[in-house]
Structure formats: C-alpha cells, structure tokens
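First the proteins, then the strands, lettered A, B, ... as listed; each starts at 1.
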Amino acid sequence: AQKITQTQPGMFVQEKEAVTLDCTYDTSDQSYGLFWYKQPSSGEMIFLIYQGSYDEQNATEGRYSLNFQKARKSANLVISASQLGDSAMYFCAMRGSNYKLTFGKGTLLTVNP
Amino acid sequence: KAGVTQTPRYLIKTRGQQVTLSCSPISGHRSVSWYQQTPGQGLQFLFEYFSETQRNKGNFPGRFSGRQFSNSRSEMNVSTLELGDSALYLCASSYVPGQPYEQYFGPGTRLTVT
C-alpha cells in the first residue's frame, strides 16, 4: 500500500521569501513517481513538478524544486521567491506500480505581502 | 490546446437520486482518471479508463461507475446518492496510462447532495 504524509496543515511565508513544504511517503514499489500539485480556491489541480524514483538529480521547474531524499523517503517542495499568487493548497502525490495517484492531505500555503 | 473540461461545474441533487458527470480530455489524450475530493477523506482515486476499458478501480462501492467512449470522453455515474457523496469530483487526462508528468486535471464538478 502507498501512503503520503504531509505534516503541515498550514504554512505562512512572506512574499519574495522561500518556503519548503514537507512530504514523506511509504511504498514497497521499487519504481514510482512523486508529484506536487497546486490547488487554488477555484478547485483545479495544477501540476507543478515530477520526480522519478530513479532520477538522480532533483527536479526543478522554474521557481519550484523538489528536494528528493530517497533513503529518508521524503520529497519536499521548495518554492523560491514566493508570490501572492502562490497562495493555495499544495498536494504531494505518488504513483506506483498500480498507476493510481495517492495524495497526501495537503498543505495550505498563505503568502503574506 | 483546450484543457480538460468537466460538465456540469455545479450540481445539487437529493438523496436517492442518481447523477452523471462528464469529462472531456485534452485532445489526443486517451486515458481518463476520476478522483473524489472531500474535506474528511481528501483526494481519493475512483477509477481510470483507457481505450474504453476500465484499467484501475479504487475502493468505492458499486454505486460508483463509469465508462469511456470511443472519442475518449468519459462519464461517471453515481446511483442512489447519499449525503456523503457530496464532494468535488475531479477528472484527469493523460496521453496514455502511467505517463507520470502528463496527467492534467479539469476544474471539477462540485456535487451537493441534500
């Protein structure tokens, strides 16, 4: 069984600062993918970044980077230079051998001006 | 390229009724997945369709069903609605199943059961 744990129900960050959203996972699969999605209040899930379990380099997409520590089973999202528009729910998710996406409970990020 | 579209966006039904939700994937995408999002349970996988065949199913009762048409559009049906079925139902499409970074979500259908 797969499990995603996001221990931060809410986070606050000042505009232009960096923030790290935590995610730990549990799986018995050798091959898996880790994802981060952003969900604004409108409800749509927006794909941010992906990390494969065999990828040696940490994934980066613009201001988003994924700090992948395989031995610790963690996949933290780092957002640099936060913007007001980054305020949203952020979900960590995993896809294993069964191809189902398993989501964490999410972290509500609030960016303060 | 148009994104994933879901209709209707909002729906109010009463207990015992049935409902059908529709999802049109991105052009060229042949895999469609459905998820239920509630405040208590979070995001849960319902099922996935590819080439008109259900490939994967989550842990939901048989009242939840779906299908996919030859044009890749998908419908989800919930029969004998219960109050607990009130949720945001999200549809996601990808070119083929298993492509990790190509799953795009629609805006969702918010279902309220009274």
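Considering all non-hydrogen atoms of both residues, A/Lys105 and B/Gln41 come closest at NZ-O, 3.4 Å.
The environment of CZ in A/Phe12 is sparse: at most 12 heavy-atom neighbours from other residues, nucleotides or ligands sit within 6.0 Å. Counting heavy-atom neighbours within 6.0 Å of A/Ile46 CD1, excluding the residue itself, gives a total above 12. Enclosure of atom NZ in A/Lys3 is not indicated, since only 12 or fewer non-hydrogen atoms of other residues, nucleotides or ligands lie within 6.0 angstrom. Residue-environment remark: NZ (A/Lys16) stays at or below the threshold of 12 foreign heavy atoms within 6.0 Å.
Clustering ILVMFWY residues whenever any of their side-chain heavy atoms sit less than 4.5 angstrom apart, transitively, puts B/Leu46 in the very cluster that holds B/Leu81. Under the 4.5 Å side-chain heavy-atom criterion for ILVMFWY residues, no single connected hydrophobic cluster contains both A/Leu77 and A/Phe35. Note on A/Tyr37 and A/Leu109: separate hydrophobic clusters, where clusters join Ile, Leu, Val, Met, Phe, Trp and Tyr whose side-chain heavy atoms are under 4.5 Å apart, directly or indirectly.
Note: A/Glu44 CD to B/Tyr104 OH = 12.0 Å, rounded to the nearest 0.5 Å. Here the NZ atom belonging to A/Lys100 is positioned 5.5 Å from the CG atom belonging to B/Asn59, to the nearest 0.5 angstrom. Considering CG of B/Leu90 and CD of A/Gln39, their distance stands at 6.5 Å, rounded to 0.5 Å. Interatomic distance, A/Tyr50 OH to B/Gln103 CD, rounded to the nearest 0.5 Å: 12.0 Å.
Checked against a 6.0 Å centroid threshold, the rings of A/Phe103 and B/Tyr35 count as neighbours. Remark: aromatic rings of B/Phe105 and A/Phe47 are distant, center separation not under 6.0 Å.
Chosen from B/Ala92, B/Pro107, B/Ser33, the residue pairing most often with chain A at heavy-atom distances under 4.5 Å is B/Pro107.
Counting heavy atoms from C-beta outward, A/Leu101 and B/Glu48 have side chains that stay 4.5 Å or more apart.
Neither the backbone nor the side chain of B/Gln6 comes within less than 4.5 Å of any heavy atom in chain A. Residue contact with chain A, scored on non-hydrogen atoms closer than 4.5 Å, involves the backbone and the side chain of B/Leu43 alike.
Annotation: side chain to side chain contact (heavy atoms under 4.5 Å, CB included) contacts of B/Arg15 (sequence neighbours excluded): B/Leu83, B/Val113.
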